[in-house]
Amino acid sequence: MTTVREAARALLSVCDGAVSHDGQGYNKFDSYIAQDLSQKPRWTHRQEQAMHKILRKYKRQLLDRFEMDYEALVFETTPEDTVEKFREERERARVKVPVLNYDGREFILHSPFSFKDTAKTIPGRRWDSEDKTWRYKNAEYVLEVLAPLVAEGAIIATDEASALIKSYLVRHAVKVQQLEEVKEIKQGKTPDIPVPLKTTPFEHQKQAFYVATTLPQSAMLMEQGTGKTLVAIAAAGSRYLNGEVNRVLVVAPLSVVPVWGKEFAKHADFPVRVETLSKGSSQDKIDQLKNWEDTDALQVVVINYESTWRVFEGLKRYKADMVILDESQKIKNARAKQSKAVHALGALAEYRMILTGTPVTQAPTDFFSQYKFLD
């Protein structure tokens, strides 16, 4: 016996896309209907009846090509049992509790309809209409919302998703502790950390240094002449001596690039090698970075903002552990090429610092790009 479904698929296998009435499978819109139904795992009785009616037009093809007698085609469904079967399958497939998975790229949330309002509160949501799932990026701002939902039992996390959430909670606990320490520093309780400088820093510089060595990302919003460069040199040196940093990238205005080498030579009380990429063409700078040789000293590359996107690949290969932006308001326009390059380079470094006495020059939104770099 041949079923309606088998006959429909057989005819579809020789269909030419319903281009013309040439006896090659279905004609016109019948082709679209057959293709759509063939992809469904199960048909309703009404769908099978509709397909049976369509196949009546192709009796001759079914008989000549496949030796299928249209009059002998049988149905897989009946009016009585179809509705009940579909109802049972829907009940089995229905998700009772939201389940969070991670596929290596993004979080996938399978959830019942009743959970949709909560699912929408998780930032960066994307609804996958085909899989009927919510998709979220693996980002800190997403984990910040997911973590308490999993902890409260509102969402059940698989092993993969649970591992990422636990890792986030550890990082978050460290950040909270760091911020508490910074508060104490600002209140005058300074830690016993040596400042690796030849020159004696002022108290406000010491305080800034303690903040910069406590937080992996810090903003030194200090007025001109208060010693931001000194703080950055001390912070980089301290992390170098602690084994946290080997390579530093300093991005500065072109006129200030040569100054950094002099400042390191004058103040650094630790071994350091400084290379300023201020002269020559972009290719010269790329070659200089390509031929870079490691040393035991702290390695520092200083470059101007305008060159960052032109020699981006070279700077990327340099693999800085720490990136320092001098006069960071230079990247206030997040859409500028140099801003995009700096953001990308910062994302590759564990430690980031911005230095500026004028973080806002036009509008409060000037902060956005600078803090995007800091993340």
Side-chain angles (χ1 to χ4, degrees), residues 216-221 224 228-229 231-233 235-236 239-240 245-265 268 272-295 297-363 365-375:
Q217 297 91 33
S218 58
M220 299 294 109
L221 309 182
Q224 187 175 359
K228 298 183 291 293
T229 304
V231 173
I233 291 172
R239 292 198 182 279
Y240 161 73
V245 166
N246 289 314
R247 290 182 171 185
V248 174
L249 173 64
V250 178
V251 186
L254 183 59
S255 61
V256 183
V257 169
V259 176
W260 275 87
K262 298 174 183 176
E263 292 293 300
F264 265 101
V272 61
R273 169 197 171 189
V274 181
E275 293 289 338
T276 55
L277 307 183
S278 58
K279 297 180 180 179
S281 64
S282 296
Q283 188 58 51
D284 292 335
K285 295 171 184 175
I286 291 172
D287 292 339
Q288 195 172 348
L289 288 164
K290 190 182 294 184
N291 299 324
W292 188 273
E293 293 183 4
D294 283 330
T295 67
L298 176 64
Q299 302 164 67
V300 181
V301 165
V302 189
I303 193 169
N304 61 304
Y305 283 97
E306 294 78 10
S307 294
T308 51
W309 64 272
R310 292 186 174 91
V311 297
F312 176 76
E313 290 302 323
L315 293 171
K316 190 176 175 182
R317 283 193 297 270
Y318 173 65
K319 294 182 179 179
D321 305 301
M322 183 177 189
V323 181
I324 301 170
L325 303 189
D326 190 9
E327 302 297 339
S328 60
Q329 74 276 5
K330 296 279 284 183
I331 65 163
K332 65 184 178 185
N333 179 4
R335 297 186 181 90
K337 289 182 178 180
Q338 63 189 36
S339 300
K340 291 179 180 179
V342 167
H343 291 154
L345 292 168
L348 300 173
E350 173 114 17
Y351 304 100
R352 299 182 287 280
M353 180 186 291
I354 64 173
L355 314 174
T356 179
T358 53
V360 176
T361 58
Q362 292 181 332
T365 49
D366 291 353
F367 271 116
F368 171 75
S369 183
Q370 298 172 72
Y371 275 76
K372 181 179 180 181
F373 164 77
L374 292 177
D375 193 16

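- Considering every non-hydrogen atom in both Thr358 and Thr356, the closest pair reads N-OG1, 3.0 Å.
- Between the side chain of Ser339 and the backbone N or O of Asn333, at least one donor-acceptor pair lies under 3.5 Å.
- With sequence neighbours excluded, no residue forms a ring-ring contact (aromatic ring centres under 6.0 Å, His included) with Phe368.
- For Ser369 (side chain) and Ile331 (main-chain N/O), a donor-acceptor pair under 3.5 Å exists by modelled atom type.
- Between Ala320 and Ala349 the shortest heavy-atom distance is O-CB, 3.5 Å.
- Ring geometry, Trp260 versus Phe264: the interplanar angle falls from 30° to 60°, so the pair is classed tilted.
- The minimum heavy-atom distance linking Val257 with Ile303 is given by the pair CG2-C, 3.8 Å.
- Nearest approach of Asn304 to Val251, heavy atoms of both residues: C-CG1, 4.2 Å.
- Across all non-hydrogen atoms, the minimal contact from Asp321 to Asn246 is OD2-N, 2.8 Å.
- Asp366 contributes no side-chain N or O that, together with a main-chain N or O of Lys332, makes up a donor-acceptor pair within less than 3.5 Å.
- From Met353, atom CE reaches atom CZ of Phe373 across 10.0 Å, with rounding to the nearest 0.5 Å.
- In this structure the side chain of Leu345 reaches within 4.5 angstrom of the side chain of Leu249, judged on heavy atoms.
- Glu306 has a carboxylate O that lies under 4.0 Å from a charged side-chain N of Lys330, or vice versa, which qualifies the two as a salt bridge.
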Report the C-alpha separation of Arg239 and Val248 in whole Å, then their side-chain angles, then the decisive distance to 0.1 Å, and conclude whether the side chain to side chain contact (heavy atoms under 4.5 Å, CB included) test is met. CA-CA 10 Å; Arg239 292 198 182 279; Val248 174; over 6 Å; no
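- Leu221 CG to Gln370 CD: the interatomic distance, rounded to the nearest 0.5 Å, is 8.0 Å.
- Annotation: the span from Leu325 atom CG to Leu355 atom CG amounts to 8.0 Å, rounded to 0.5 Å.
- No donor-acceptor distance shorter than 3.5 angstrom exists from the side chain of Arg310 to the backbone of Ser282, with no hydrogens or angles considered.
- Among residues two or more places apart in sequence or in another chain, the salt bridge (charged side-chain N to carboxylate O under 4.0 Å, His left out) test is passed with Glu313 by none.
- Ser218 approaches Leu374 most closely through the heavy-atom pair O-CD2, 3.7 Å.
- In this structure, the separation between CG on Leu277 and OG1 on Thr308 is 11.5 Å, given to the nearest 0.5 Å.
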I'd like to know whether Trp309 forms a side chain to side chain contact (heavy atoms under 4.5 Å, CB included) with Lys340, so could you lay out the CA-CA distance, the side-chain angles of the two residues, the decisive distance to 0.1 Å, and finally the verdict. CA-CA 8 Å; Trp309 64 272; Lys340 291 179 180 179; over 6 Å; no
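- For the residue pair Trp292 and Gln299, a side-chain donor N or O sits within less than 3.5 Å of a side-chain acceptor on the partner.
- Residues Asp284 and Gln288 have side chains that never bring a donor and an acceptor to within less than 3.5 angstrom of each other.
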